[in-house]
Amino acid sequence: MGSCAPSFAELFPAAANRASPAAQSALAEAPRDAMAHAVFQTMSGTDAVLERFAWLGDGLAAAVWSRSTDEQLTSYAQPGHHTLSCYLGGGYRVEREGAPGQYGAPGRLCSLPDWHESEWVVRDSLRLMHIYFMPEHFTRRAVAELDREPRELTLQDRTYFENPRIVQIFEDLLVTPWEDSDQLLRANELTHEALSELLHSQSMVKPSLRVRGGLASHLRRRLSEYIEANLHQPITLGMLAELASLSEFHLARMFRVSFGMPPSSWIAARRIERARRLLKEGELPLQQIADACGYADLSHFGHRFRDALGASPSRFRQVMSASSRTISSP
């Protein structure tokens with residue numbers, strides 16, 4: 001049976017009429033979840049023109065908007081997802097209520113967490129890009145990159161901050177076409193790079209946090225380091241339980257709390273992450289990469305990688321190599 005969920009054109013007929021043909025086509029092919037982001041819906045209800053849209057997979061979406069107005073008020077109230085915004089042009093008279101005298105400009109960034117509330121006075125012309133992502137996509141990398149539990153952190157609410165690395169990623173995204181699977185694969189990779197940089201520079205401990213349950217920090221660190229050091233071989237729940245001096249039942253339950261997912265899912269994700277890094281960084285034969293990541297054989301490696309990223313390891317390497325050459329060329 002087909003889905004009865006309304007389309008973007010049915011939900012926002014005026015916005016659909018203003019959207020570019022490429023954006024309309026991308027929205028028509030995107031899953032319904034792609035239009036569930038509240039900030040995207042709010043923008044669709046304004047006079048903004050949707051120039052480009054892409055559903056990037058992994059719960060990530062990107063959109064390029066342009067607006068030209070005398071003055072309008074745009075409000076967001078606890079959208080339930082994070083948004084990273086970068087001004088591409090204009091915005092010189094756009095300000096946030098409560099932050100008088102601060103205005104947008106090309107290259108200025110805003111991070112809007114899932115819990116934030118804001119009102120924006122929009123004047124004159126602007127062009128910006130949004131990246132929409134769920135809180136778990138931001139914080140699950142906290143264990144590996146910051147040695148923190150995902151539940152401890154959230155995104156800061158920041159208006160008009162600067163970060164040259166993130167701006168460069170937005171510029172790379174802007175020149176990357178979003179029409180086919182190879183291009184979307186590269187855009188997905190760039191977006192993950194932006195989220196990693198954002199985690200390091202704009203994360204914060206959740207206000208009034210009282211962490212209960214889960215693993216002690218030294219046990220979480222011990223387990224994380226053990227997994228990273230042994231991805232090349234089978235890792236069982238029993239091994240992890242013995243390392244933590246816990247029963248398998250209690251280890252599995254507290255691991256999920258502290259790592260944000262079950263042990264098997266965490267190990268699988270770390271194997272994919274190592275494979276991505278090795279494929280991007282060098283020319284190791286695929287068999288050596290499969291061995292280094294603990295896959296039984298090339299077929300197993302290819303199947304798992306394709307399930308996770310939608311492309312074979314060899315195709316992923318080709319796309320990353322070609323994209324790197326394109327972006328680095330004058």
Side-chain angles (χ1 to χ4, degrees), residues 30-31 33-34 37 52-64 81-86 109 111-114 129-146 148 150 153-155 163-178 180-203 224 228 231 259-261 265-281 289 293 304-313 315-324 326-328:
D33 289 350
H37 298 102
R52 297 174 67 187
F53 176 85
W55 177 248
L56 304 176
D58 300 332
L60 307 172
V64 176
H81 64 86
H82 296 336
T83 301
L84 177 60
S85 172
C86 180
L109 302 159
S111 57
L112 309 177
D114 62 324
M129 185 187 297
H130 281 169
I131 293 175
Y132 310 112
F133 54 104
M134 300 306 292
E136 57 266 27
H137 297 120
F138 179 66
T139 54
R140 276 181 177 170
R141 64 186 73 232
V143 176
E145 297 188 28
L146 297 180
R148 302 292 296 268
L153 302 177
T154 188
L155 179 64
N163 183 305
R165 176 59 188 140
I166 293 179
V167 171
Q168 181 61 58
I169 292 172
F170 269 103
E171 291 174 356
D172 292 344
L173 272 171
L174 192 63
V175 300
T176 300
W178 299 347
D180 63 36
S181 58
D182 286 352
Q183 295 162 351
L184 289 175
L185 186 65
R186 176 56 185 161
N188 176 283
E189 195 73 11
L190 284 167
T191 303
H192 278 293
E193 290 180 23
L195 298 193
S196 180
E197 178 63 33
L198 198 65
L199 178 70
H200 285 265
S201 64
Q202 302 300 327
S203 61
S224 177
E228 292 299 315
L231 287 176
F259 284 74
M261 60 180 71
S265 298
W266 178 262
I267 294 167
R270 297 312 300 162
R271 286 189 165 125
I272 290 294
E273 184 59 31
R274 175 175 290 183
R276 288 168 68 155
R277 177 172 54 81
L278 292 174
L279 287 166
K280 287 194 298 181
E281 289 180 353
I289 295 177
C293 298
R304 295 297 185 194
F305 196 88
R306 190 178 290 104
D307 283 349
L309 278 81
S312 68
R315 188 60 190 160
F316 177 85
R317 170 178 275 169
Q318 292 171 0
V319 171
M320 293 302 106
S321 176
S323 297
S324 177
T326 300
I327 290 173
S328 62

So do the side chains of I166 and L84 get within less than 4.5 Å of each other, counting heavy atoms only? yes

Minimum heavy-atom separation for G260 and P150, please, with both atom names. N-CG, 4.3 Å

Report yes if the side chains of K280 and F316 come closer than 4.5 Å at any heavy-atom pair, otherwise no. yes

Before accepting this row, confirm whether a basic side-chain N of the pair R165/E193 lies closer than 4.0 Å to the acidic partner's carboxylate O. yes

Taking atom CZ as the centre, does R304 end up with more than 12 heavy-atom neighbours from other residues, nucleotides or ligands that are less than 6.0 angstrom away? no

Using a distance-only test with no angle check, is there a side-chain donor-acceptor pair under 3.5 angstrom linking T176 and Q183? no

Under a 4.5 Å cut-off applied to non-hydrogen side-chain atoms, are I131 and C86 in contact? no

Determine the sole option in R276, R141, E273 for which the side-chain hydrogen bond (donor to acceptor under 3.5 Å, both in side chains) test with H192 is passed. R141

Taking all atoms of both residues into account, what is the closest heavy-atom pair of E145 and S196, and its distance? OE1-OG, 2.7 Å

Measuring from L173:CG to T191:OG1, what's the distance to the nearest 0.5 Å? 4.5 Å

Once salt bridge (Lys or Arg N to Asp or Glu O under 4.0 Å) is applied, do any residues pair with E136, and if so which ones, sequence neighbours excluded? none

Is the side chain of N188 donor-acceptor paired with the backbone N or O of L56 at a distance under 3.5 Å, no angle test? yes

Check: R274 side chain, C293 main-chain N or O, donor-acceptor pair, under 3.5 Å: no

Could you label the plane-to-plane angle of the W55 and H37 rings as parallel, tilted or perpendicular, counting under 30° as parallel and over 60° as perpendicular? tilted

Quick one: does N163's side chain get under 4.5 Å of S201's, heavy atoms only? yes

How are the rings of F138 and F133 set relative to one another: parallel (under 30°), tilted (30 to 60°) or perpendicular (over 60°)? tilted

If we ignore hydrogens and angles and just use 3.5 Å, is the side chain of D180 paired with the main-chain N or O of D182 as donor and acceptor? yes

Donor-acceptor contact below 3.5 Å, side chain R52 vs main chain M129: no

Sub-3.5 Å donor-acceptor pair from the side chain of T139 to the main-chain atoms of A142, do we have one? no

